[in-house]
Amino acid sequence: MTPSSPHADSGAPQRFPVVVVGAGPAGLTVGGILRAAGVDCLVLETGTREFIERRPRAGVIEEWAVRGLERRGLAGNLLERAERHTACEFRFGGERYRFPYRELTGSHHWVYPQPLLVTDLVREYADVRGGAIRFGVRDVRLCDLDGDRPSVSYLCPESGRREVVVCDFVAGCDGARGVTRASVAPDRARVARHDYGIGWLALLAEAPPSADCVLFGCHPDGFAGQMPRSPEVTRYYLQCTPGDDPGNWPHERVWTELRRRLGAAGAAPPAEGRLIEKRVLDMHDYVTEPMSFGRLFLAGDAAHLVAPIAAKGMNLALHDAFLLGDSLVARLTRDDESGLAGYSRDCLRRVWDYQEFSQWLSELYHGTAAGDPFRAGTTQARLRRLFTSPAAAAAFAEQYLGTAARH
């Protein structure tokens with residue numbers, strides 16, 4: 001852990017029971033839960049409010065996560081504006097195979113872009129529930145995390161002065177490159193990593209989706225995916241070489257590959273439109289164990305990363321936030337420490353469930369393009385089984401929707 005030391009050049013400290021570092025879905029959900037229970041907290045965010053409300057990220061939310069937000073009064077706009085998805089479609093061997101997971105499980109997905117959810121959460125936390133939040137902070141430092149009076153300091157963007165906050169607990173929700181994860185000494189945590197050895201070209205297009213559901217193209221030349229975001233904007237993915245340069249993918253090449261890899265008998269081709277985002281994601285995962293260190297509790301990408309293969313990242317962040325927010329409320333209002341004591345264990349159970357499914361699904365997506373006839377053959381067998389075996393279909397649907405994991 002970062003060694004205990006004074007915060008240089010600081011004024012008189014402020015006092016909050018909880019400091020939340022990071023204003024993404026996890027941090028803002030924790031803050032919203034605390035404020036609903038009358039617990040004061042301070043959220044620190046390096047970006048501006050405008051930046052976090054526009055940052056393009058995930059968009060698929062599992063039904064259990066939406067219900068968790070609803071129970072905590074955080075899903076009003078989502079329930080009114082999000083799209084419900086009840087099926088997805090696989091395309092392989094030149095054919096279309098619709099997978100109606102709602103019919104198999106009674107559950108569905110919600111499509112609601114992360115910027116909209118963050119906008120809702122920051123409004124509820126700051127504007128409605130009166131939570132304290134500081135945007136644009138710099139050089140955040142954590143001290144005395146193993147003691148009874150941990151502290152967090154930061155440079156105020158307006159004054160340039162170092163502000164110090166003394167607290168009872170710190171919630172680390174600032175992502176993979178944030179200060180909270182870096183504050184954990186390597187000998188105190190085990191970080192398990194996995195590299196898939198593939199890349200995805202992530203695209204955001206000003207174009208309507210070509211189908212009413214998520215599409216998975218399992219093609220010998222590489223995976224392609226369509227994830228609707230709105231009637232006017234569509235997220236696409238194309239499998240590529242890890243570390244590839246997005247500049248190698250001009251407009252015409254992108255749309256040619258999307259039409260080819262998503263092509264199937266009777267299917268409409270993708271509607272072409274302006275590409276407003278183009279970046280390459282190297283597919284990898286990591287899990288930090290444990291997720292708590294003294295008075296510091298990690299949540300979301302600060303603790304674990306799951307590649308976007310199964311669209312699980314934001315859902316895991318919300319699961320962490322529900323457990324952490326509820327546990328902090330129990331500790332600070334009822335002196336009940338059981339939730340915090342079991343926080344890491346309870347989070348990691350779902351984390352590992354989702355990591356295992358991501359690995360399994362990766363082979364389904366990418367096996368036909370591996371250049372290995374044996375892998376291609378076994379992948380085709382898996383794909384066919386989804387549409388010929390009710391038991392295989394039900395098992396896939398439960399994992400895809402997150403209903404198989406305990407929550």
Side-chain angles (χ1 to χ4, degrees), residues 23-25 28-29 47 49-67 69-70 74-91 96 98-102 107-124 200-217 223-238 246 249 251 254-255 257-259 261-262 267-279 281 308-315 317-318 400-402:
L28 291 169
T29 299
R49 181 167 181 169
E50 180 182 36
F51 173 77
I52 67 168
E53 290 181 349
R54 293 187 177 183
R55 177 172 46 190
R57 286 292 185 270
V60 176
I61 310 180
E62 294 170 356
E63 188 172 5
W64 65 262
V66 172
R67 298 308 171 196
L69 290 167
E70 184 182 21
L74 299 171
N77 283 344
L78 188 160
L79 291 169
E80 291 180 4
R81 300 167 61 186
E83 295 183 12
R84 298 188 190 196
H85 281 216
T86 60
C88 59
E89 186 173 295
F90 287 85
R91 295 181 177 179
R96 306 164 62 186
R98 193 170 181 88
F99 190 87
Y101 49 79
R102 175 64 184 271
S107 297
H108 57 268
H109 276 135
W110 300 76
V111 173
Y112 195 61
Q114 182 172 315
L116 296 182
L117 179 62
V118 167
T119 298
D120 295 345
L121 292 173
V122 73
R123 177 183 177 276
E124 186 66 29
W200 276 12
L201 179 69
L203 305 154
L204 204 60
E206 283 185 336
S210 62
D212 63 350
C213 64
V214 172
L215 303 180
F216 305 122
F223 170 77
Q226 173 198 273
M227 285 70 177
R229 288 291 179 263
S230 74
E232 300 84 22
V233 175
T234 305
R235 168 72 75 187
Y236 287 105
Y237 293 111
L238 282 168
W249 292 83
H251 182 97
V254 165
W255 291 105
E257 286 300 308
L258 285 172
R259 286 191 293 268
R261 298 186 196 182
L262 290 173
E272 193 169 325
R274 185 171 73 94
L275 298 172
I276 55 179
E277 183 190 58
K278 222 177 7 176
R279 55 197 178 101
L281 309 175
I309 290 167
K312 298 294 189 182
M314 182 162 62
N315 294 286
L318 290 172
Y400 185 59
L401 292 163

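Quantities reported herein were computed from a predicted structural model and do not represent experimental measurements. FYI, side chains are in, hydrogens and waters are out, and symmetry mates aren't considered; it's all heavy atoms of this structure.
- In terms of the side-chain hydrogen bond (donor to acceptor under 3.5 Å, both in side chains) criterion, Gln114 has no residue partners (sequence neighbours excluded).
- Residues that satisfy the side-chain contact (heavy atoms from CB on, under 4.5 Å) test with Pro113, not counting sequence neighbours, are Pro115, Leu116, Arg229.
- Annotation: side-chain contact (heavy atoms from CB on, under 4.5 Å) contacts of Glu89 (sequence neighbours excluded): Arg91, Arg96, Arg98, Cys213, Leu215.
- Among all heavy-atom pairs drawn from Pro231 and Pro209, the shortest one is O-CD, 4.0 Å.
- The salt bridge (charged side-chain N to carboxylate O under 4.0 Å, His left out) test applied to Glu70 returns Arg67, not counting sequence neighbours.
- Taking Tyr400 as the reference, Tyr101, His109, Phe396 meet the ring-ring contact (aromatic ring centres under 6.0 Å, His included) condition, with sequence neighbours excluded.
- Contact annotation: the side chain of Glu62 never approaches that of Leu401 to less than 4.5 Å [non-hydrogen atoms, C-beta and beyond].
- Residues satisfying the side-chain contact (heavy atoms from CB on, under 4.5 Å) criterion with Ala311, sequence neighbours excluded, are Val60.
- Not counting sequence neighbours, the partners of Ala317 by the side-chain contact (heavy atoms from CB on, under 4.5 Å) test are Ala26.
- Between Arg235 and Glu277 a salt bridge is recorded (basic side-chain N to carboxylate O distance below 4.0 Å).
- A donor-acceptor distance shorter than 3.5 angstrom exists from the side chain of Thr234 to the backbone of Ala207, with no hydrogens or angles considered.
- Taking Tyr236 as the reference, Trp255 meet the ring-ring contact (aromatic ring centres under 6.0 Å, His included) condition, with sequence neighbours excluded.
- Remark: Ser210 engages Gln226 in a side-chain hydrogen bond (donor to acceptor under 3.5 Å, both in side chains) (not counting sequence neighbours).
- When every heavy atom of Ala65 is checked against every heavy atom of Leu318, the shortest pair comes out as CB-CD1, 4.1 Å.
- Scored by the side-chain hydrogen bond (donor to acceptor under 3.5 Å, both in side chains) test, Glu206 finds Arg274 as partners (sequence neighbours excluded).
- Nearest heavy atom pair, residue Arg55 against residue Ala23, reads NH2-O, 4.5 Å.
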*Give the C-alpha distance, both sets of side-chain angles, the deciding distance and a yes or no for side chain to side chain contact (heavy atoms under 4.5 Å, CB included) between Asn315 and Ile61.*
CA-CA 6 Å; Asn315 294 286; Ile61 310 180; 3.8 Å; yes
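- Here the closest heavy-atom approach between residue Pro228 and residue Val111 is recorded as O-CG1, 3.1 Å.
- Note: Asn77 CG to Leu69 CG = 12.0 Å, rounded to the nearest 0.5 Å.
- No side-chain heavy atom of Pro100 sits under 4.5 Å from any side-chain heavy atom of Thr86.
- Heavy-atom neighbours of Arg102 CZ from other residues, nucleotides or ligands within 6.0 Å: above the threshold of 12.
- Taking each heavy atom of Gly217 and Leu262 in turn, the nearest pair found is N-CD2, 3.8 Å.
- Across every non-hydrogen atom of Lys278 and Leu203, the tightest pair is CG-CD2, 3.2 Å.
- Taking 4.5 Å as the limit, some side-chain heavy atom of Arg49 sits within range of a side-chain heavy atom of Arg123.
- Using cut-offs of 30° and 60° on the angle between ring planes, the pair Tyr237 and Trp200 is tilted.
- Of the inter-residue distances, the one linking Leu121 atom CG with Leu74 atom CG reads 6.0 Å to the nearest 0.5 angstrom.
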*Under the side chain to side chain contact (heavy atoms under 4.5 Å, CB included) rule, what do Leu201 and Glu257 come out as? Steps first, then yes or no, please.*
CA-CA 11 Å; Leu201 179 69; Glu257 286 300 308; over 6 Å; no
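- For the pair Glu63/Trp110, a side-chain contact is recorded, criterion being any heavy-atom separation below 4.5 Å from C-beta on.
- Counting heavy atoms from C-beta on, the side chains of Asp120 and Tyr112 come closer than 4.5 Å.
- Among residues two or more places apart in sequence or in another chain, the side-chain hydrogen bond (donor to acceptor under 3.5 Å, both in side chains) test is passed with Glu50 by Arg54.
- Scanning for ring-ring contact (aromatic ring centres under 6.0 Å, His included) contacts around Trp249 gives an empty result, with sequence neighbours left out.
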